[in-house]
Amino acid sequence: CCNVSSWYCWGNTHFCTSCHRDGRWQKYVEHRSGKNKMELWEYEQCPGIQAQIDKLPKDISLEQKRKVCKEMISKSSMCPLRISHPINGLRFALGCMICNSSPIPTSCEIKENQKKSEEKKEKIARATAKDAILALNALKPEGKSFLHTSDFDDKGIFHYLGTAGGALGWSKP
């Protein structure tokens, strides 16, 4: 479907609320692995992708159909979300909170923007690492230690930084 995902399960699979309901997700993916149970063209698709699937030759081999479908990109003008995106059933992000990127660019813009994006990500990573080092140095007098035990626990450094030492609710550090 072309709904924004609001569920992230098992660290590898995104669902919108409708597809996350019991009885639906079990039809689409394997539990925990998130591996597709259907061929990509069997999932509900955006009109921009469905139009491309419908135009495929009837005598195309299964392997060729799989390959062609994995390379399909929806035209933003035909998508309810007004973005270009790959076929449903593949992982895809609308954008990135770290680099504040907009939705995925069209295929002709990808190569143009790739180098700029990498440079921007490296700059942000360096700045983020510097902030983390400064925060860690500030903690040394307290003798604070951090032992991450599981995802979403409250013992790791990121939880400490994101909650201002436990004083506030979580926000991305």
Side-chain angles (χ1 to χ4, degrees), residues 1-129 148 150-153 156 158 162 170 172-173:
C1 67
C2 263
N3 295 317
V4 176
S5 65
S6 51
W7 296 90
Y8 184 56
C9 301
W10 318 302
N12 58 26
T13 308
H14 298 267
F15 295 102
C16 70
T17 298
S18 176
C19 292
H20 188 262
R21 290 191 183 115
D22 279 342
R24 285 197 77 181
W25 71 262
Q26 292 92 333
K27 180 174 87 171
Y28 300 137
V29 297
E30 292 178 4
H31 184 250
R32 296 205 187 270
S33 73
K35 183 178 177 191
N36 292 342
K37 286 186 175 180
M38 303 185 316
E39 295 290 350
L40 293 176
W41 57 88
E42 294 175 326
Y43 290 96
E44 184 179 339
Q45 296 295 336
C46 166
I49 296 287
Q50 192 60 54
Q52 294 176 57
I53 292 170
D54 294 343
K55 289 180 184 176
L56 289 174
K58 301 295 179 205
D59 60 348
I60 191 171
S61 72
L62 187 61
E63 284 306 312
Q64 187 63 23
K65 190 172 184 178
R66 286 178 179 145
K67 182 180 178 188
V68 170
C69 284
K70 282 183 181 178
E71 296 170 359
M72 288 181 176
I73 301 288
S74 174
K75 292 182 182 177
S76 60
S77 62
M78 296 182 74
C79 174
L81 296 174
R82 297 288 177 233
I83 61 168
S84 295
H85 61 82
I87 191 168
N88 290 334
L90 297 179
R91 289 186 78 175
F92 171 74
L94 291 175
C96 177
M97 293 299 294
I98 295 172
C99 64
N100 198 23
S101 69
S102 58
I104 192 167
T106 60
S107 57
C108 62
E109 294 172 322
I110 290 174
K111 288 181 183 177
E112 256 177 59
N113 294 330
Q114 192 171 24
K115 185 175 181 181
K116 290 179 186 176
S117 177
E118 290 301 319
E119 290 170 356
K120 188 175 182 180
K121 288 176 188 174
E122 287 175 21
K123 184 178 177 183
I124 290 169
R126 283 193 300 273
T128 303
H148 168 79
S150 66
D151 291 345
F152 306 108
D153 69 6
F158 290 111
W170 168 261
K172 288 187 178 182

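To the nearest 0.5 Å, atoms CG (N3) and NE2 (H14) are separated by 15.0 Å. Considering CD of Q52 and NZ of K75, their distance stands at 7.5 Å, rounded to 0.5 Å. Considering CG of N88 and CD1 of I49, their distance stands at 7.5 Å, rounded to 0.5 Å. One distance of note links CD1 of I73 with SG of C46; it measures 11.0 Å at 0.5 Å rounding. Within the model, atoms CG of N12 and OG of S33 stand 7.0 Å from one another, a figure rounded to the nearest 0.5 Å. One finds the CZ atom of R24 at 6.5 Å from the CD atom of E44 (value rounded to the nearest 0.5 Å).
Proximity of L56 to C69: side-chain heavy atoms (C-beta onward) are separated by under 4.5 Å at one or more points. Contact of the C19 side chain with the S5 side chain is not registered, since no non-hydrogen atoms from C-beta on lie closer than 4.5 Å.
No donor-acceptor pair closer than 3.5 Å links the side chain of R91 to the backbone N or O of T13. Checked by atom type and distance alone, the side chain of Q45 never pairs as donor or acceptor with a backbone atom of A51 at under 3.5 Å.
Applying the ring pair (Phe, Tyr, Trp, His ring centres under 6.0 Å) test to every pair with at least one member in residues 33-55, sequence neighbours left out, gives these pairs: Y28-Y43. Sorted by first and then second residue, the side-chain hydrogen bond (donor to acceptor under 3.5 Å, both in side chains) pairs with a member in residues 56-66 read E39-R66, E63-R66; sequence neighbours excluded.
Between G89 and N36, the closest heavy-atom pair is O-ND2, 2.9 Å. Here the closest non-hydrogen pair linking S84 and F92 is O-CZ, 3.8 Å. Considering every non-hydrogen atom in both H85 and C79, the closest pair reads NE2-SG, 3.5 Å.
Under the ring-ring contact (aromatic ring centres under 6.0 Å, His included) criterion, W10 pairs with W25, H31, sequence neighbours left out.
For K70, the NZ atom counts as loosely surrounded, since its 6.0 Å shell holds 12 or fewer non-hydrogen atoms of other residues, nucleotides or ligands.
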Is there a side-chain contact (heavy atoms from CB on, under 4.5 Å) between H20 and S6? Walk through the geometry before answering. CA-CA 9 Å; H20 188 262; S6 51; over 6 Å; no
